[in-house]
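Below: the structure, in structure tokens.
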Amino acid sequence: MLRSARAIVITSVVAAWLSGTSAPAAAAARKVVVVALVDGAAPRASRQLERALRAQFSDLALTFRVERVERLPPRTPERLRLARAVAKRHGAIAVLWHDAGPQLYLYFASSSADRLLVRSVDAHGSTERYEALALLARGHLRTMLAGG
């Protein structure tokens, strides 16, 4: 019995070492939460962005959640209030959303600092535009996760 328990512990330690993570690091990674607000008034655009974000975040050490709202508030201060409430509710480090039009805008609100990053994309083709936004979001998240 003692031998099998020891073998399980050794196997777990070796597996964690080979994967480059420890049990505490893996647990901490699951506590990092990022939320995307998706606008129910623009379901097609929201689905495209959600798909692109999930693909770009899949290898990052975080939990990605989506919160659907019936309609995003029309003004930025109201959106920031909503983002703060969502971040608090989910324990998120960041909340992001987008605006679609001739240009596509990504809004990235950090919950630890009182700042809002806004980036625009002028890529051609619908898929490329949302992929470009997801790459921008990924870059911001990697910087945040690295302590920047």
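Remember, predicted model here, so these are calculated numbers, not experimental data.
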Rounding to 0.5 Å, atoms CD (Gln56) and CG (Leu53) come to a distance of 8.5 Å
Does Asp39 come within less than 4.0 Å of Arg79, counting only side-chain N to carboxylate O? no
Heavy atoms of Ala109 and Leu80 approach each other most closely as CB-CD2, 4.2 Å
Applying the 4.5 Å side-chain criterion to the ILVMFWY set and letting contacts propagate, would Phe64 and Val38 be lumped into a single cluster? yes
What are the two closest non-hydrogen atoms of Arg129 and Gln103, and how far apart are they? NH2-C, 3.6 Å
About how many Å separate CD1 of Ile93 and NZ of Lys31, when rounded to the nearest 0.5 Å? 14.5 Å
Between Leu49 and His98, which heavy-atom pair has the shortest distance, and what is it? CD2-ND1, 3.2 Å
Can you confirm whether more than 12 heavy atoms, excluding those of Arg75, are under 6.0 Å from its CZ atom? no
All heavy atoms of Arg138 vs all of Asp59, minimum pair found to be NH1-OD1, 2.7 Å
How long is the straight-line distance from CG of Leu106 back to CG of Leu136, given to the nearest 0.5 Å? 6.0 Å
Do Leu145 and Val34 belong together in a cluster built from hydrophobic side chains that touch within less than 4.5 Å? yes
Residues Ser120 and Tyr105: closest non-hydrogen pair is CB-CE2, 3.4 Å
Nearest heavy-atom neighbours spanning Pro43 and Gly40: CD-O, 3.5 Å
